[in-house]
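Letters go in sequence order (proteins before strands), and every chain restarts at 1.
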There are 2 protein chains.
Amino acid sequence: MSIFHINRKTDYAVRVIVALARHPLGTRLSAKLLQEETLVPQAFLNRIIAQLSQGNLIESFPGPRGGLQLARSAEEITLRDIVEIMEGPILLSECLKEKETCPLAEACPIRNRWGGLQSTITQALDQTTMSQLVSELSSLS
Amino acid sequence: MSIFHINRKTDYAVRVIVALARHPLGTRLSAKLLQEETLVPQAFLNRIIAQLSQGNLIESFPGPRGGLQLARSAEEITLRDIVEIMEGPILLSECLKEKETCPLAEACPIRNRWGGLQSTITQALDQTTMSQLVSELSSLS
DNA sequence: AAATTGTTTACCTTTTTGGTAAACAATTTA
DNA sequence: TAAATTGTTTACCAAAAAGGTAAACAATTT
């Protein structure tokens, strides 16, 4: 699509977390209700929910009176948490993995630049919490 | 692979521009020589060179005594120039295109965050010039 | 036991990535 | 002007990722 693009799956996951974060911690919402709020296709949403659950960002309870709830408070969930659970670690270039050896390693002028940009991105994502998003949301409506 | 990942094609393109930028403006290098310096597969490199040429970042001259040269000085070529020629405009989310309409547009708390991060990234790329990379390279060797 | 809710697995289509190869076009020089 | 040299274009390809569907499965409550 385009470089530095957020995948739809991750975008959807943010919608899910924000929908949950709008309610008091401990509130359980069903997958069906989350579907109505996020507009994500149900079958796809199921897998996103499962991934968020495996990543310990949400907790799930089967059966009647079950549902999904945040695993911790909205202040303690950042955009980076969600991005990394859905996409894996942020890595601008293979050469930023210590173990990797690049044929140009001896004379690579770009590696440190990618490293710096990667730090900038991860810091920006770290600084955005779900409670910030929720308060922006209420100021919109 | 991983989110916020620089594609190999773009990484290769940076190698090409840096290789050219190490010589005085106006110096022509052949595609064959560039292949030896960048280690990019020849057939793939040909297409990368063509794309850089179409993007007016380099100039090409066919025939004997021909070759490739930078279209402007290394101080005037930024990482963003290369990234956008190889990958198209930087766009974190579809919803950042003015014309796009998102079903959540009325109540979307994340759009401005993606917009801010996108600005941060493009500014960082704007601030890196090829002459900076070349001088870092000489300080390495 | 039945109803309700989340989980897992398998499968699918389209697009992107990374690459190869050969024909083609332009320019210089013998 | 023909041959040699150099870049350009096009067609093709395999593997992976993106985005999604659907059905069987497991757990819990009533």
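- Sequence order on DNA chain D of the closest nucleotides to A:His5 and A:Asn46 puts A:His5 first from the 5' end.
- Without hydrogens or angle criteria, A:Gln132 side chain to A:Thr129 main chain gives a donor-acceptor distance under 3.5 Å.
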Residues 11-20 of chain A, side-chain donor-acceptor partners within the protein, below 3.5 Å, at least two apart:
{"from": "A:Arg15", "atom 1": "NH1", "to": "A:Thr38", "atom 2": "O", "distance (Å)": "2.6"}

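- When the P atom of C:dT17 is taken as reference, atom CZ of B:Arg8 falls 13 Å away, rounded to whole Å.
- Residue B:Glu87 contributes atom CD, which lies 6 Å from atom P of C:dT17 at whole-angstrom precision.
- Across all strands shown, A:Ala31 has heavy atoms under 4.0 Å from sugar-phosphate atoms exclusively, and none from any base.
- There is a side-chain donor-acceptor pair under 3.5 Å between A:Glu87 and A:Asn7.
- Regarding B:Asp11, its CG atom lies at a distance of 11 Å from the P atom of C:dG19, rounded to whole Å.
- For the pair B:Ala71 and B:Glu59, the tightest heavy-atom approach, listed with the atom from each and the gap, is CB-CG, 4.0 Å.
- Contacts of A:Leu29 with the nucleic acid, taken as non-hydrogen atoms under 4.0 Å apart, involve only primed sugar atoms and P, OP1 or OP2.
- C:dA30: Watson-Crick or G-U partner is D:dT1, with both key distances under 3.5 Å.
- Applying the salt bridge (charged side-chain N to carboxylate O under 4.0 Å, His left out) test to every pair with at least one member in residues 63-77 of chain B, sequence neighbours left out, gives these pairs: B:Arg72-B:Asp81.
- For the pair A:Ser2 and A:Gly66, nearest-nucleotide mapping onto DNA chain C gives the more 5' position to A:Gly66.
- When the P atom of C:dG18 is taken as reference, atom CZ of B:Arg15 falls 12 Å away, rounded to whole Å.
- Distance CZ (B:Arg28) to P (C:dT27): 11 Å, rounded to an integer number of Å.
- C:dT16 atom P lies 13 Å from atom CD1 of A:Ile3, rounded to whole Å.
- The base-pairing partner of D:dT28, taking Watson-Crick or G-U wobble contacts with both distances under 3.5 Å, is C:dA3.
- Put simply, the residue from B:Asn46, B:Leu34, B:Leu45, B:Ile49 that forms a side-chain contact (heavy atoms from CB on, under 4.5 Å) with B:Val40 is B:Leu45.
- Rounded to an integer number of Å, the gap from B:Leu39 CG to C:dG19 C1' is 16 Å.
- Remark on DNA chain D: of its neighbouring residues A:Asn7 and B:Ala50, the 5'-side contact belongs to B:Ala50, judged by nearest-heavy-atom nucleotide.
- Residue contacts for B:Gln54: at a heavy-atom cut-off of 4.0 Å it reaches the sugar-phosphate backbone alone, with no base atom in range.
- Summarising the base pairing, C:dT16 is matched to D:dA15 through a Watson-Crick or G-U wobble pair whose two defining distances lie under 3.5 Å.
- No side-chain heavy atom of B:Phe4 sits under 4.5 Å from any side-chain heavy atom of A:His5.
- When DNA chain D is scanned 5' to 3' for any atom under 4.0 Å from a heavy atom of chain B, the first and last hits are D:dT5 to D:dA17.
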